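By convention here, the first residue in the shown sequence is residue 1. Source: prediction; values computed, not measured.
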Amino acid sequence: MRIIISPAKKMVADTDSFAVDGLPVYLERTERLKTALQGMSPAELQALWKCNDAIAKLNVERLSAMELRRRLTPAVLSYEGIQYRYMAPRVMETAQLDYLRKHLRILSGFYGLLRPFDGVTPYRLEMQARLSVDGHRDLYGFWGDALAQPLAAGTDFVLNLASKEYSRAVEPHLPRSVRFLTCTFGERKDGRVVEKGTMCKMARGQMVRWLAENNVTNPADIRAFDQLGYRFQPELSTETHNVFLKAEHKPSARG
């Protein structure tokens, strides 16, 4: 079993809390992306990153001084988005961290595929960025099937807790022998299932934590997830799609 999640835009450096286990698998490719980014002007980078002046300035500075082999942070601690706050790896027990090491993989436009304790440095590069490198028009072409290969080699089941932007870099390249299961976290509204971005991120992080706490390795056991008010909906789910909905809150009757 492998669990895939998206990275977060906000990153920090933390070289003290945990040691890194090693370097990312595709670091040579990352070097090529770094070289391409360093060859761009600040204005071109800001257009690529689609961010405000302050964020662009910070990341231009990071890029100019970037080192890929020194002063590194474990990937799972480097990302600071909502999903990672709900996963809360800093307060996990050793057995839970070992579960992450074995089962969790982080998708990245810059690093490709990361193990949780691979050493990384703060960067900004989303998977959907239109960066042309090595003759490819974008990062989906640049990475090709490289992210799917190690997943397929290590398991016959991938639990997809990544956004569509990132999961599309993996799913089309997996062989049919690998089951790819996507989870939706939503609520009913006007007869439809509606997903809300922030709530989805919270639920994805909480599910990773729950999986680690319960050492879940059987795909069928994922349906037991019941955190943050979500419950599995068998009538809406399929072999490739698990749907979890928040319980509906009915207004209380007034006497």
What's the separation between atom [atom1] in [X] and atom [atom2] in [Y], rounded to the nearest 0.5 Å?
X	Y	atom1	atom2	result
Met207	Ile3	CE	CD1	9.0 Å
Ile82	Lys10	CD1	NZ	11.0 Å
Thr121	Tyr123	OG1	OH	10.5 Å
Glu187	Tyr230	CD	OH	7.0 Å
Leu45	Asn59	CG	CG	9.0 Å
Leu63	Leu58	CG	CG	11.0 Å

Has [X] got more than 12 heavy atoms of other residues, nucleotides or ligands less than 6.0 Å from its [atom1]?
X	atom1	result
Arg32	CZ	yes
Lys201	NZ	no
Glu93	CD	no

Side-chain donor or acceptor of [X] paired with backbone N/O of [Y] under 3.5 Å:
X	Y	answer
Gln233	Arg231	yes
Arg85	Glu80	yes
His173	Gly144	yes
Asp118	Arg115	yes
Asn218	Ala220	yes
Trp210	Gln227	no
Asp134	His136	no

Aromatic ring proximity Phe244/Phe225, centre distance under 6.0 Å:
yes
Is the distance between the ring centroids of Phe180 and Phe157 under 6.0 Å?
no
Find out whether [X] and [Y] are in side-chain contact, i.e. whether some heavy atom of one side chain is under 4.5 Å from a heavy atom of the other.
X	Y	answer
Leu131	Asp138	no
Glu126	Lys9	yes
Met202	Leu228	yes
Leu37	Phe110	yes
Tyr111	Tyr26	no
Arg90	Leu77	yes
Leu125	Leu48	yes
Met1	Leu159	yes

Pair Asn160, Glu171: side-chain N/O donor-acceptor within cut-off below 3.5 Å:
no
Can you tell me if Ser6 and Ser163 form a side-chain donor-acceptor pair at under 3.5 Å?
yes
Take Phe142 and Val133 through the side chain to side chain contact (heavy atoms under 4.5 Å, CB included) test and state the conclusion after the steps.
CA-CA 7 Å; Phe142 176 80; Val133 180; 3.7 Å; yes
Minimum-distance pair of heavy atoms, taken over all atoms of [X] and [Y]:
X	Y	answer
Arg188	Glu235	NH2-OE2, 3.3 Å
Ala169	Met127	CB-CE, 4.0 Å
Tyr99	Asn215	CD1-OD1, 3.4 Å
Arg62	Met11	NH2-O, 3.1 Å
Pro150	Leu113	CG-CD2, 3.4 Å
Val170	Ala148	O-CB, 3.8 Å

For residues Val60 and Ile55: do they belong to one hydrophobic cluster (side chain heavy atoms under 4.5 Å, members Ile, Leu, Val, Met, Phe, Trp, Tyr)?
no
Check for me, please, whether Leu72 and Met66 land in the same ILVMFWY cluster - side-chain distances under 4.5 Å, paths through other members count.
yes
Between Arg105 and Ile5, does a side chain to side chain contact (heavy atoms under 4.5 Å, CB included) hold up when you go through it step by step?
CA-CA 7 Å; Arg105 298 296 181 265; Ile5 62 174; over 6 Å; no
Are Arg204 and Phe185 in a cation-pi setup, meaning NZ or CZ lies under 6.0 angstrom from the ring centre and within 45 degrees of the ring axis?
no
The test is salt bridge (Lys or Arg N to Asp or Glu O under 4.0 Å); show your working for Glu67 and Lys34 and say whether it passes.
CA-CA 10 Å; Glu67 295 188 48; Lys34 174 189 169 187; over 6 Å; no
Applying side chain to side chain contact (heavy atoms under 4.5 Å, CB included) to Glu195 and not counting sequence neighbours gives Thr184, Cys200
Listed partners of Ser41 passing side chain to side chain contact (heavy atoms under 4.5 Å, CB included), at least two apart:
Ala43, Glu44
What residues, two or more places apart in sequence or in another chain, satisfy side-chain hydrogen bond (donor to acceptor under 3.5 Å, both in side chains) together with Thr94?
none
Can you sort out the partners of Tyr86 under ring pair (Phe, Tyr, Trp, His ring centres under 6.0 Å), two or more places apart, ordered by chain and number?
none
What ring pair (Phe, Tyr, Trp, His ring centres under 6.0 Å) pairs are there with at least one residue in residues 50-85, not counting sequence neighbours?
Tyr79-Tyr84
How far apart are the C-alpha atoms of Leu27 and Leu68, what are their side-chain angles, what is the distance that settles it, and do they pass the side chain to side chain contact (heavy atoms under 4.5 Å, CB included) test?
CA-CA 8 Å; Leu27 199 58; Leu68 299 179; 4.1 Å; yes
Could you check whether Arg101 pairs with Asp21 (Lys NZ or Arg NE/NH1/NH2 to Asp/Glu carboxylate O, under 4.0 Å)?
yes
Linking Ile, Leu, Val, Met, Phe, Trp and Tyr through side-chain heavy atoms less than 4.5 Å apart, which residues share a cluster with Val243?
Val193, Leu236, Leu245
Before you tell me yes or no, could you show the steps for Arg223 and Asn242 under side chain to side chain contact (heavy atoms under 4.5 Å, CB included), namely the whole-Å CA-CA distance, both residues' side-chain angles and the distance that decides it to 0.1 Å?
CA-CA 7 Å; Arg223 300 170 184 174; Asn242 276 359; 4.0 Å; yes
